[in-house]
Every structure is written in structure tokens, then in C-alpha cells.
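Heads up: numbering here begins at 1 and tracks the sequence.
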Amino acid sequence: MSSVPLELRAVERRYKTEAGTLAVLKGAELALQAGEIVALVAPSGTGKSTLLHLAGLLERPDGGEVFVEGKAAGTLSDDARTAIRRNTIGFVYQFHHLLPEFSALENVVLPQLAAGVGRPEAKARGEELLKQFGLGERLDHRPGKLSGGEQQRVAIARALANAPKVLLADEPTGNLDVATAELVFSELLREARDRGLAALIATHNPALAARMDRVVTLKDGKIAAG
Ligand SMILES: Nc1ncnc2c1ncn2[C@@H]1O[C@H](COP(=O)(O)OP(=O)(O)OP(=O)(O)O)[C@@H](O)[C@H]1O
């Protein structure tokens with residue numbers, strides 16, 4: 001039986017603030033099956049980004065455990081976590097986070113090189129992905145020369161470059177106008193579905209959330225049905 005792509009068990013996260021300790025996550029539980037696209041809709045400040053960062057192994061929880069493809073990540077070294085993140089998880093942020101001094105193509109090639117893919121193969125795959133997103137004529141453009149929608153498409157292509165099993169997105173179209181957001185979101189959804197990814201996508205947009213398979217929210221530091 002294949003393992004669950006992503007699972008959070010009793011995950012806790014606390015931040016130290018000047019006012020004391022802020023408990024943001026207090027036992028969050030979530031399992032994403034392959035091919036399941038889940039919307040995370042919750043008010044600002046409830047911990048959506050925190051949850052996504054923990055799920056993406058960018059940070060470590062203060063309690064509980066994150067499992068990626070059935071493997072507990074908590075006891076792994078930073079290097080081992082980086083390898084999982086690189087090979088298994090794709091991350092899309094609200095602001096593209098592309099490297100400004102590199103072309104669109106290089107931004108999609110670099111994570112593949114880091115994962116050990118040879119340059120010719122990485123380049124071919126990068127071109128194919130960017131063409132899929134309608135950016136075949138924009139391969140050599142730097143991010144600053146691209147529109148907001150184009151930048152986000154490159155960011156999505158980059159997230160998919162290493163053929164992840166899990167896609168995590170934090171307000172991936174939150175920075176775009178309504179029409180562009182709709183287009184880019186549709187492409188993101190199509191790619192996630194075509195690839196059978198397990199996806200967790202934070203959004204403030206109820207119409208976009210309704211197009212996913214299931215909606216969850218954060219209530220008092222725990223995941224609840226949305
Ligand atoms: N590094 C940190 N240090 C201290 N407090 C933090 C830190 N990161 C987040 N917080 C606090 O934790 C809470 C949750 O933040 P988080 O960014 O996860 O919320 P969010 O639901 O993603 O919000 P938004 O929708 O506004 O992006 C907030 O009160 C925030 O101020």
C-alpha cells in the first residue's frame with residue numbers, strides 16, 4: 001500500500017513574543033491523500049503560514065510530528081529534511097520569491113540541479129514546463145521583466161520542476177488581480193490534478209476554495225472542517 005503523502009499529527013507551534021508565549025498550533029491534525037486538493041481557509045493570524053512552513057519542513061514543530069510519504073521528519077537531520085523538501089515537496093508563495101538575477105528558465109533549472117539532475121535534462125524539463133504555462137517566449141526574461149501573473153506561473157513551474165508528490169501553496173494568487181488570479185489558479189489546479197498531487201492551498205478566496213476537494217480551517221490552533 002502506498003503511504004500517505006503528507007500527514008500532520010498533533011502538531012504544535014509556539015512563538016516567543018515580548019508579551020509572552022503565543023501558542024499558534026495546539027495539536028493540528030491533517031492527512032492529505034494522493035490526488036487530494038485541500039483548501040486552507042482561516043482568518044488572518046490564525047496560523048496558516050505557520051502550518052504550511054511546518055508541513056513543508058521549513059521549520060520544526062514544538063510538538064507532534066510531520067510525516068512525508070509515511071516518514072517521520074522530526075528526527076531527521078537538516079540535510080535529510082532538505083532532501084525531502086527538494087524531491088517531494090513543491091512550495092508556491094504569495095510573492096513569487098524567484099531569484100531576480102536569473103532568467104525564468106534558470107529559476108526552474110536551479111532546483112533541479114540542486115536535486116542532482118544533469119543540466120541538459122533540467123533545461124529541457126524547464127522549457128517544457130514553462131511552455132506548458134504559456135511562457136515559451138519568456139524563457140530568458142528575468143522576473144522583473146515579467147508580469148505578476150507570469151511571475152507566479154514561473155514560481156509554479158519551479159515548484160513542479162522536481163516532480164513533487166506534495167504541493168503546498170500560501171495564497172498563491174493573493175497578489176494578482178481577480179481575472180489573472182482566476183487564470184493562474186485554474187492552471188495550478190489543472191497541474192495538481194493531472195499529476196495526482198496531494199495539495200494544501202491557503203486562500204482567502206471562497207470561490208477558489210470551493211473548487212478544491214475539501215475545505216479545512218484553523219480553530220483554536222487545530223484543524224477543523226471548513
Ligand atoms: N516568527 C514569529 N515570531 C513571533 N510570532 C510569529 C512568528 N511568525 C508568526 N507569528 C505569529 O503567529 C500567528 C500566526 O501567524 P501566521 O503567519 O501563521 O498566520 P496566517 O494565518 O498565515 O496569517 P495571514 O493570513 O495574515 O498570512 C500570528 O499572530 C503571527 O503574528
For residues [X] and [Y], determine if any side-chain heavy atom of one lies less than 4.5 Å from a side-chain heavy atom of the other.
{"X": "R193", "Y": "I37", "value": "yes"}
{"X": "I201", "Y": "L188", "value": "yes"}
{"X": "P5", "Y": "L32", "value": "no"}
{"X": "V184", "Y": "P172", "value": "no"}
{"X": "L197", "Y": "L160", "value": "yes"}
{"X": "L8", "Y": "L51", "value": "yes"}
{"X": "L52", "Y": "F91", "value": "yes"}
{"X": "Q112", "Y": "N162", "value": "yes"}

Charged N-O contact under 4.0 Å between [X] and [Y]:
{"X": "R138", "Y": "E150", "result": "yes"}
{"X": "D62", "Y": "K26", "result": "no"}
{"X": "E171", "Y": "K48", "result": "no"}
{"X": "R211", "Y": "E182", "result": "yes"}
{"X": "R142", "Y": "E101", "result": "no"}

If we ignore hydrogens and angles and just use 3.5 Å, is the side chain of [X] paired with the main-chain N or O of [Y] as donor and acceptor?
{"X": "D177", "Y": "A179", "answer": "yes"}
{"X": "E59", "Y": "T50", "answer": "no"}
{"X": "E128", "Y": "R125", "answer": "no"}
{"X": "T88", "Y": "R85", "answer": "no"}
{"X": "Q152", "Y": "Y93", "answer": "yes"}
{"X": "R195", "Y": "A163", "answer": "no"}
{"X": "N175", "Y": "G148", "answer": "no"}
{"X": "Q151", "Y": "L146", "answer": "yes"}
{"X": "E12", "Y": "L25", "answer": "no"}

Do [X] and [Y] belong together in a cluster built from hydrophobic side chains that touch within less than 4.5 Å?
{"X": "V38", "Y": "L57", "answer": "yes"}
{"X": "V92", "Y": "L129", "answer": "yes"}
{"X": "L189", "Y": "V41", "answer": "no"}
{"X": "L135", "Y": "L110", "answer": "yes"}

Neighbour count above 12 (heavy atom, 6.0 Å) for E137 CD: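 At most 12 heavy atoms, drawn from other residues, nucleotides or ligands, come within 6.0 Å of this atom.
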Pairwise distance CG(N107) to CG(L139) - rounded to 0.5 angstrom: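 Between N107 CG and L139 CG, I get 12.0 Å after rounding to 0.5 Å.
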Interatomic distance, E69 atom CD to K165 atom NZ [nearest 0.5 angstrom]: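 So the gap between those two atoms works out to 5.0 Å.
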Would you say the side chains of [X] and [Y] form a donor-acceptor pair under 3.5 Å?
{"X": "Q132", "Y": "E191", "result": "yes"}
{"X": "S103", "Y": "D140", "result": "no"}
{"X": "D79", "Y": "T82", "result": "no"}

Hey, which of I89, N87, V4 is the one that makes side-chain contact (heavy atoms from CB on, under 4.5 Å) with V68?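 Of the listed residues I89, N87, V4, the side-chain contact (heavy atoms from CB on, under 4.5 Å) partner of V68 is I89.
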Does F67 have R9 sitting over its ring (NZ/CZ under 6.0 Å from centre, angle to axis within 45°)?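 Here R9 passes the 6.0 Å and 45° test against F67.
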If I compare all heavy atoms of L176 with all of G149, which pair ends up nearest, and what's the gap?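 Closest heavy-atom pair between L176 and G149: CD2-N, 3.7 Å.
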Between G47 and L218, which heavy-atom pair has the shortest distance, and what is it?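 Nearest pair, atom of G47 first, then L218: C-CD1, 3.5 Å.
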How far apart are the C-alpha atoms of L105 and E127, what are their side-chain angles, what is the distance that settles it, and do they pass the side-chain contact (heavy atoms from CB on, under 4.5 Å) test? CA-CA 7 Å; L105 181 57; E127 285 181 9; 3.9 Å; yes
Intermediate values then yes/no, side-chain contact (heavy atoms from CB on, under 4.5 Å), V11 and V66: CA-CA 7 Å; V11 162; V66 177; 4.2 Å; yes
